[in-house]
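Numbers here simply count residues along the sequence, with the first being 1.
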Amino acid sequence: MSIHPAPFLIDTHCHFEAGDDALALLREAAACGVRAIAVGGNPALNAAAEASGTWFAQGFDWSCEGAPPPLALKPGLVAIGELGFDFHWKPLESASAQRAAFEAQAAFARAHDLPVIVHTREADALTLETLRALALPRAGVIHSYTGGLPLAKAFLDLGYYISFSGIVTFRNAAALRETARHVPADRILVETDSPYLAPVPHRGQRNRPAYVRATAEVLAALRATPFETFAAQTTANARTLFRLPD
């Protein structure tokens, strides 16, 4: 495997599942010049994220039933999430329950000055409405963004960052690539959402943090920005949002 000394990238959203060798995956990523933030979303993902040995986020997403369990501050916790709304896998009738879970976790984030990592799928109007109502001072990031430019601008106006996953490299994602061209340089992030959404040329494989480099290379080219400049910018953005040490 090639070694990339600098600049390095931060995969701002990866998941580790039962059976994953997180340490090996993080070592592989480091050899490619990548560090990662491990993200939760349910009890199993939360536990794996915390145990991974890297920065992590914990939360309860759309798939969790009932009121979310209490969250707690822990060393290495840099965000709350992922959390959010999903009407692809859940019926519209679950909107009130999803919003209650979102608001409870957002209250914890507000109390402890942490950003939120937001999932939205077929729920953009409710996501935007909820974020406007909450007006979180630290805001956060809309992860694995797939929407258009007007919606992205609405999230940006609320102080949110926009993160792009391997979807932006897919052949049928021309509209998303156009959006990615116009997100301000100081508000764009990159992620894998691994083990899902492996970017081209790895599409069809199980995704891993090292593969964020392929997504970043496509985004840099789209934006006519030298890769080194784009990598440094997105790394600086991640450090700013999540208050990561140098």
message: Show, in sequence, the C-alpha distance, side-chain angles and deciding distance for Leu241 and Val141, and conclude whether the side chain to side chain contact (heavy atoms under 4.5 Å, CB included) test is met.
response: CA-CA 8 Å; Leu241 174 62; Val141 55; 3.9 Å; yes
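- Side-chain atoms of Arg27 do not come within 3.5 Å of backbone N or O of Ala22 as any donor-acceptor pair.
- Salt bridge status for Glu129 with Arg132: absent, with no side-chain N to carboxylate O gap under 4.0 Å.
- Thr235 places no side-chain N or O within donor-acceptor distance of the main-chain N or O of Ala232, the cut-off being under 3.5 Å.
- Side-chain N or O atoms of Thr229 include none that pairs as donor or acceptor with a backbone N or O of Thr225 at under 3.5 Å.
- Residues satisfying the ring-ring contact (aromatic ring centres under 6.0 Å, His included) test with Tyr211, not counting sequence neighbours, are His202.
- Between Leu83 and Trp62, the closest side-chain pair of non-hydrogen atoms is not below 4.5 Å.
- A donor-acceptor pair under 3.5 Å is absent between the side-chain atoms of Asp20 and the main chain of Phe16, judged by distance alone.
- The shortest non-hydrogen separation linking Ser194 to Asp11 is OG-OD2, 4.5 Å.
- Counting heavy atoms from C-beta on, the side chains of Phe87 and Leu126 come closer than 4.5 Å.
- Ring orientation note: the planes of Tyr145 and Phe164 are nearly perpendicular, at an angle over 60° on the 30°/60° scale.
- Here the straight-line distance linking atom CD1 of Ile37 with atom CD1 of Ile117 works out to 6.5 Å at 0.5 Å rounding.
- Expressed to the nearest 0.5 Å, how far CG of Leu73 lies from CG of Leu114 amounts to 6.5 Å.
- Salt bridge annotation for Arg206-Glu17: present, with a cationic side-chain nitrogen under 4.0 angstrom from a carboxylate oxygen.
- Contact between Gly147 and Leu176 at its shortest, heavy atoms only, is O-CD1, 3.9 Å.
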- request: List the steps, then state whether side chain to side chain contact (heavy atoms under 4.5 Å, CB included) holds for Ile188 with Phe230.
  value: CA-CA 10 Å; Ile188 190 169; Phe230 182 76; 4.1 Å; yes
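- Residues Asp186 and Gln233 have side chains in contact (heavy-atom distance under 4.5 Å, counting atoms from C-beta outward).
- Rounded to the nearest 0.5 angstrom, Thr127 OG1 and Arg99 CZ are separated by 10.0 Å.
- Contact annotation: the side chain of Pro195 approaches that of His15 to within less than 4.5 Å [non-hydrogen atoms, C-beta and beyond].
- Atom OG of Ser94 and atom CZ of Phe85 lie 9.5 Å apart (nearest 0.5 Å).
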field: Stepwise side chain to side chain contact (heavy atoms under 4.5 Å, CB included) check, Leu71 with Gln105
entry: CA-CA 8 Å; Leu71 293 164; Gln105 294 174 85; 4.1 Å; yes
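- A salt bridge links Lys90 with Glu65: the closest approach of a Lys/Arg side-chain nitrogen to an acidic carboxylate oxygen falls below 4.0 angstrom.
- Within the structure, ring pair (Phe, Tyr, Trp, His ring centres under 6.0 Å) contacts touching residues 179-198 (residues at least two apart or in different chains) do not occur.
- For Ser163 (side chain) and Thr12 (main-chain N/O), no donor-acceptor pair under 3.5 Å exists by modelled atom type.
- In this structure a side-chain-to-backbone donor-acceptor pair under 3.5 Å is present from Asn237 to Ala185.
- Once rounded to the nearest 0.5 Å, the distance linking CG of Leu151 with CD1 of Ile142 reads 8.0 Å.
- By the 4.5 Å heavy-atom criterion applied to side chains, Phe155 and Tyr161 are not counted as neighbours.
- With a 4.5 Å cut-off on side-chain heavy atoms, Asn207 and Pro199 count as touching.
- Listed for the Arg213 side chain is a donor-acceptor partner under 3.5 Å among the backbone atoms of Cys32.
- In this structure, Thr179 and Ala152 approach most closely via the heavy-atom pair CG2-CB, 4.2 Å.
- Side-chain atoms of Asp61 do not come within 3.5 Å of backbone N or O of Gly84 as any donor-acceptor pair.
- Here the shortest heavy-atom pairing between Ala198 and Gln205 reads CB-O, 3.5 Å.
- Note on Phe170 and Leu219: same hydrophobic cluster, where clusters join Ile, Leu, Val, Met, Phe, Trp and Tyr whose side-chain heavy atoms are under 4.5 Å apart, directly or indirectly.
- No single ILVMFWY cluster, assembled from side-chain heavy atoms under 4.5 Å apart, contains both Val78 and Leu26.
- Taking the side chain as every heavy atom from C-beta outward, Ile162 and Leu189 never approach each other to under 4.5 Å.
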message: Please evaluate residues Val118 and Phe102 with respect to the criterion side chain to side chain contact (heavy atoms under 4.5 Å, CB included), reporting the C-alpha separation (whole Å), side-chain torsions for both, the decisive distance (0.1 Å), and the verdict.
response: CA-CA 9 Å; Val118 179; Phe102 191 114; 4.2 Å; yes
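- Between Pro115 and Phe242, the closest heavy-atom pair is CG-CD2, 4.0 Å.
- Counting only distance, with no hydrogens or angles, the side chain of Arg223 and the backbone of Ala180 share a donor-acceptor pair below 3.5 Å.
- Considering every non-hydrogen atom in both Ala139 and Gly159, the closest pair reads CB-O, 3.5 Å.
- No side-chain heavy atom of Ile10 sits under 4.5 Å from any side-chain heavy atom of Val34.
- A distance-only check finds no donor-acceptor pair linking the side chain of Glu82 to the backbone of Val39 [under 3.5 Å].
- In the hydrophobic clustering of this structure, Val168 groups with Leu9; members are Ile, Leu, Val, Met, Phe, Trp, Tyr whose side-chain heavy atoms approach within less than 4.5 Å, directly or through other members.
- Once rounded to the nearest 0.5 Å, the distance linking CG of Leu158 with NZ of Lys153 reads 14.5 Å.
- Under the 3.5 Å distance criterion, with hydrogens and angles disregarded, no donor-acceptor pair is assigned to the side chains of Ser165 and Asp193.
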